[in-house]
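A short worksheet on the structure shown next.
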Amino acid sequence: MNSLFAQIVRLMPFAPATGASDGQGVAQNLMERAEARAGRNPQQAQELRSAACAYLSVVR
């Protein structure tokens with residue numbers, strides 16, 4: 001039952017952290033999701049990491 005709640009929480013969008021810029025909040029969210037997927041789907045984890053890096057390069 002706990003794993004079900006953990007999966008649901010992972011799928012919910014996170015509110016931007018207070019004091020952080022919007023770009024860092026989005027990138028942090030993508031990196032956290034990549035970390036969560038690394039054990040189950042390494043290809044998807046790498047895609048999420050690449051998306052975070054691409055987002056930061058566009059924002060900055």
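Excluded from the calculations below are hydrogen atoms, water molecules and symmetry mates; all remaining heavy atoms, backbone and side chain alike, are included.
Taking hydrophobic clusters as Ile, Leu, Val, Met, Phe, Trp and Tyr residues chained together by side-chain heavy-atom distances below 4.5 Å, M31 does not share a cluster with Y55.
In this structure, E35 places its CD atom where only 12 or fewer heavy-atom neighbours from other residues, nucleotides or ligands lie under 6.0 Å away.
The shortest heavy-atom contact between A45 and R37 is CB-C, 4.1 Å.
Taking CD from E32 and CG from L48, the interatomic distance works out to 11.5 Å, rounded to the nearest 0.5 Å.
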